[in-house]
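Being a predicted model, the structure only gives us computed values, none of them experimental. Atom set for the values below is all heavy atoms of this structure, side chains included, hydrogens, waters and symmetry mates excluded.
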Amino acid sequence: MLAALVWLLSTCMLEAAPEASRLSGLSSGDSGKGIPHSLAQAATSLHAAKLDANEIMMYVSNNGAFARNEGDTLGYFNGLFYPSGSDTPLVYSAGLWLSATVNGSLRVAMAEYASEFAPGPFGGDNVADSSMFRVRRISTADTLDPSADWISWPSEWGAPIDEEGEPLLTGEQSLFAIFNDSDSTRHRVRGGSTKPLGAEVKVYAFEYARSGLLDQVVWLKYVIVNRSPDDWHDFIAGVWADPDIGVSADDMGGSDSSRSLVFCYSLEGDGDLPAGFVPAVGLQLLDSPSLASTGRASSSANVLFNYFRSQSAKMTRDISLGLATDGTEYVDPITGAPTRYRYGGDPRSGKGWLDTNGKGDRAIVLSSGPTEVPSGDSCCLVVAVLAASGGSNVEALDSLFDLADGTRDYFELGSAGLDVIDDQRRGCVRSVEFSPREQTWMQGMDWGGSAFDGGIGWAGELWGSSFSREDCADVTFEFHPRDGQKAYRFAAADDAFEFTGYVRVTFECKRAADSARLAVLFVDNDGNGVWAPRSDTSAQADMLLVTGSAYSDEPLDSYANLSLPNDALSADLMYAVSLDVRPSYERTNIREGQTLSIKVSSGDDKPHVSSVDFSDTPVGLRGSESVSIRNLYMSSKSLSVATSNPDEFRVSTKALRLAKGDTACIEIIYEPLDTGFDSASLVIEISDFNMPAIVLPVIGRAVAWPLDGDFVPNGTLDLYDVTSLIRYLYGLPGVPPAGVRIDLDSSGEIDLADAVVLINRIFLGF
């Protein structure tokens, strides 16, 4: 897929000018000599192949036409059906339009209901078998059992190949064809009929079938080469289509310049459509010769009606420029401003300039340019053919516009539109660390935060804050069971929480950068006047609110006069913290020297994450790391998040939707089942595209619980453990860490006999 996207997104390489021997007979002026067409005359074998891997069935021909059944194999020429396999046509015919000024004269090459292009490459000798210029079609089946088209894939004519020299298969089905306009006898279409441009065109078309948004798109990439000895001035490349949605005589059209989109939809009640099925079809330019200079793939869009056909080359040129058929400029009747996008309003809302000509047949044109293409140079045109539906016109167009946004996103970024970042965005909780890890007695009580089981997050997400995310800083809670700082207590009063006193809590909250204490508020949900994490599942947790202000031994009026949540927007709140005592633990597990650190993104170091690596984590405990996912796409994206080893690595968020430019934190929780190394992949899938965008390695090392008797859990038995055990026996401060067995003689009691056993183990090894 990567090779395919690189080829699709790459700027067309400039091709060398044709050799002099291949230019014999080419005119540098308009003397009437024309361009030799010996090869084109031989290449009379018109051929079309269909793409039908996804929800659209569409024909592509080797004469510049698409969405047209040139072989009339169905009894009619309709060449695009949606859904695939149905008898619901959306397009009767479509094709490529090219025009330029050559030596002061207008030249046109167009595929309409008839074509001025001939199969095959430009120049060369006669060939005995013109079927060699047929459309080649390859699919996923060819990777197991190569077809004749796979084997004869014409890379010598520019058919794309992968790194190994094999045919490039993009999506589930791909087509390639080559054609040219050098045969002057073919330039007889009413809207053309000029001298040839000397154009050679290669078209690569493909479909994805991934049960996602891309299943409603056909992609067309044209590489257009100026094979003539003359420069093309004011060159325009575009596509024309005659949509026939069900009954052709009740269609409507419009355009959207911001999306480089022209579209057609059917009026509701079309008898040729299934009940409740209202489709819409669109053409979208994604890349074009003028994109670099204008910043927009298309430069104009036109909508024509009542079975209109261009009557002259000048009219074709005017239509391609987004002008009226008489060459005058359109004026938007709503804004009074000139425009090159006819009917550029929004028919969903009824606002703007809309097609109000009544039901009828419509033709649509989408063009890029003008630009310059010197002799021997090439340029690219990438077109997406879109189909969508709904129960009404509004629903169908909603789906079509969303599809256009997603198609543009995928074209520009592929599946790489999500960035996994660590320290890119401030204010997003990146990680929460408890030290010592084996003494972790707490877990988060999920109130919707971004980390620690949802128990810790930006305070502004709770009630609001005068602080922005960028104002947040790393903080550390240092636990002191008997002597901490004071906090502002807020208790329930009517519909708000009011300040009720300045009370001591069992921690100090410090800014990590300079160890300065910070003011903390706590919401006393259980009403007992004491901050404590929740240990009873029937009770609410007391919420801590960390501010950005320095701590004071005396309460400050700015906080004492707050009413929460009413005044939260005027307070400098950084974090909201809601803690829960882990099962089988008690509040008495709070011990001197324990810390809880909240780290946020800093914007400097380690901007991108290549893997998630957990340090040693005891079996039965959990490790937690977070990464941030940023949406680089132009539109919102729905994501699913999972790990390949959910028994030991799980994620706090399984599904989310990110707006353009937004960032979300994903917490990965490691809970090892046994000692040793563990690994998994963090898989983030874009639901719109139904394909993984990120597969991030996750590794961890599980270690055993501390040794029996390792009262001070440092991995060894020493006199510190003996001292701590004796202090514990005599009621002095010190609580054994959970999971560490200290009844060493298995007597059922913890007494001095256990201290003797411990001393023996330290000094005698038993």
Stepwise side chain to side chain contact (heavy atoms under 4.5 Å, CB included) check, Phe235 with Cys379:
CA-CA 10 Å; Phe235 174 71; Cys379 58; 3.7 Å; yes

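- Counted by atom type alone, Asp256 and Ser258 present one or more donor-acceptor pairs between their side chains at under 3.5 Å.
- Side-chain contact between Leu80 and Leu90 is present, with heavy atoms from C-beta onward closer than 4.5 Å.
- Side-chain atoms of Gln311 come within 3.5 Å of backbone atoms of Arg309 as a donor-acceptor pair (strictly under, hydrogens ignored).
- A salt bridge is defined here as a Lys NZ or Arg NE, NH1 or NH2 lying under 4.0 Å from an Asp or Glu carboxylate O, and Asp181 with Arg186 fails to meet this definition.
- Separation of atoms CG (Leu213) and CD1 (Ile686) is listed at 10.5 Å; rounding is to 0.5 Å.
- Under the 3.5 Å distance criterion, the side-chain polar atoms of Gln173 are matched with a main-chain donor or acceptor of Asp52.
- Using a 3.5 Å distance cut-off with no hydrogens or angles, the side chains of Tyr343 and Asn357 do pair a donor with an acceptor.
- Between the side chain of Gln284 and the backbone N or O of Leu261, no donor-acceptor pair lies under 3.5 Å.
- The two atoms that bring Val278 and Ser266 nearest to each other are CG1-O, 3.9 Å, heavy atoms only.
- Across all their heavy atoms, Ser320 and Ser300 have their closest contact at O-OG, 2.7 Å.
- For the atom pair CG of Leu400 and CZ of Phe263, the computed distance is 7.5 Å after rounding to the nearest 0.5 Å.
- Judged purely by atom type and a 3.5 angstrom limit, Arg342 uses its side chain to pair as donor or acceptor with the backbone of Val303.
- Phe66 and Tyr222 have tilted rings, their planes meeting at an angle from 30° to 60° on a 0 to 90° scale.
- At a threshold of 4.5 Å between non-hydrogen side-chain atoms, the residues Thr170 and Trp219 do not count as touching.
- From Ile56, atom CD1 reaches atom CG of Leu386 across 7.0 Å, with rounding to the nearest 0.5 Å.
- Between Trp157 and Phe133, the two ring planes are tilted [angle within 30° to 60°].
- Within the 3.5 Å criterion, the main-chain N or O of Ile138 finds no donor-acceptor partner in the side chain of Ser174.
- Ser635 and Asp409 are linked by a side-chain donor-acceptor pair at a separation below 3.5 angstrom, with hydrogens and angles left out of the test.
- Inter-residue side-chain proximity for Ser99 and Val108 is flagged as met; some heavy-atom pair is nearer than 4.5 Å.
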Apply side chain to side chain contact (heavy atoms under 4.5 Å, CB included) to residues Leu197 and Val102 and explain how you reach the verdict.
CA-CA 8 Å; Leu197 277 165; Val102 180; 4.2 Å; yes

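- Across all their heavy atoms, Val60 and Val135 have their closest contact at O-CG2, 3.7 Å.
- Ring geometry, Tyr113 versus Tyr92: the interplanar angle falls from 30° to 60°, so the pair is classed tilted.
- A distance of 6.0 Å separates NZ of Lys359 from CG of Asp250, quoted to the nearest 0.5 Å.
- The OG1 atom of Thr316 lies 11.5 Å from the CG atom of Leu98; values are rounded to the nearest 0.5 Å.
- In this structure, Arg136 forms no cation-pi arrangement with Phe176, as its terminal cationic atom is not both closer than 6.0 Å to the ring centre and no more than 45° off the ring axis.
- Contact annotation: the side chain of Ser367 approaches that of Ile236 to within less than 4.5 Å [non-hydrogen atoms, C-beta and beyond].
- Under a 3.5 Å cut-off, the side chain of Ser288 and the backbone N or O of Ala297 do form a donor-acceptor pair.
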Side chain to side chain donor-acceptor pair (under 3.5 Å) for Ser105 and Asn103? Distances and angles first, verdict last.
CA-CA 6 Å; Ser105 298; Asn103 295 316; over 6 Å; no

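- Taking the side chain as every heavy atom from C-beta outward, Tyr633 and Glu412 never approach each other to under 4.5 Å.
- Looking at every heavy atom in both residues, Ala53 comes nearest to Glu172 through CB-CB, 4.1 Å.
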Under the side chain to side chain donor-acceptor pair (under 3.5 Å) criterion, do Asn302 and Tyr330 qualify, and how do the steps go?
CA-CA 10 Å; Asn302 226 320; Tyr330 290 123; 2.9 Å; yes

Step-by-step side chain to side chain contact (heavy atoms under 4.5 Å, CB included) determination, Val385 to Leu283:
CA-CA 5 Å; Val385 183; Leu283 299 175; 4.1 Å; yes

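- The salt bridge (charged side-chain N to carboxylate O under 4.0 Å, His left out) search around Asp398 returns Arg348, not counting sequence neighbours.
- Separation of atoms CZ (Phe411) and CG (Leu285) is listed at 10.5 Å; rounding is to 0.5 Å.
- Judged by distance alone, the side chain of Asp251 and the main-chain N or O of Ile245 form a donor-acceptor pair under 3.5 Å.
- In terms of the side chain to side chain donor-acceptor pair (under 3.5 Å) criterion, residue partners of Thr328 (sequence neighbours excluded) are, by chain and number, Asp326.
- Side chain of Tyr82 to main chain of Val281: no donor-acceptor pair is present (N/O by atom type, distance under 3.5 Å, no hydrogens or angles).
- The shortest side-chain heavy-atom distance between Leu397 and Tyr265 falls under the 4.5 Å cut-off.
- A side-chain donor-acceptor contact under 3.5 Å links Ser115 to the backbone of Phe117.
- With Arg340 contributing its side chain and Leu321 its backbone, the two residues share a donor-acceptor pair below 3.5 Å.
- Annotation: side chain of Met252 is not in contact with side chain of Asn393 (no heavy-atom distance under 4.5 Å).
- Looking at every heavy atom in both residues, Leu366 comes nearest to Ser260 through CD2-O, 3.3 Å.
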Take Phe308 and Thr325 through the side chain to side chain contact (heavy atoms under 4.5 Å, CB included) test and state the conclusion after the steps.
CA-CA 10 Å; Phe308 178 85; Thr325 55; 3.4 Å; yes

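- Using a 4.5 Å heavy-atom threshold, the side chains of Ile319 and Trp240 count as separate.
- For Asp149 and Arg134, the salt-bridge test passes: some basic side-chain N is under 4.0 Å from an acidic carboxylate O.
- In summary, the side chains of Ser290 and Ser368 do present a donor paired with an acceptor at a separation below 3.5 Å, with no hydrogens or angles considered.
- In this structure, Phe206 and Tyr208 have perpendicular ring planes: the angle between them is above 60°, well past the 30° mark.
- Ala237 and Ile224 make their closest contact through CB-CD1, 4.1 Å (heavy atoms, listed as atom of the first residue, atom of the second, distance).
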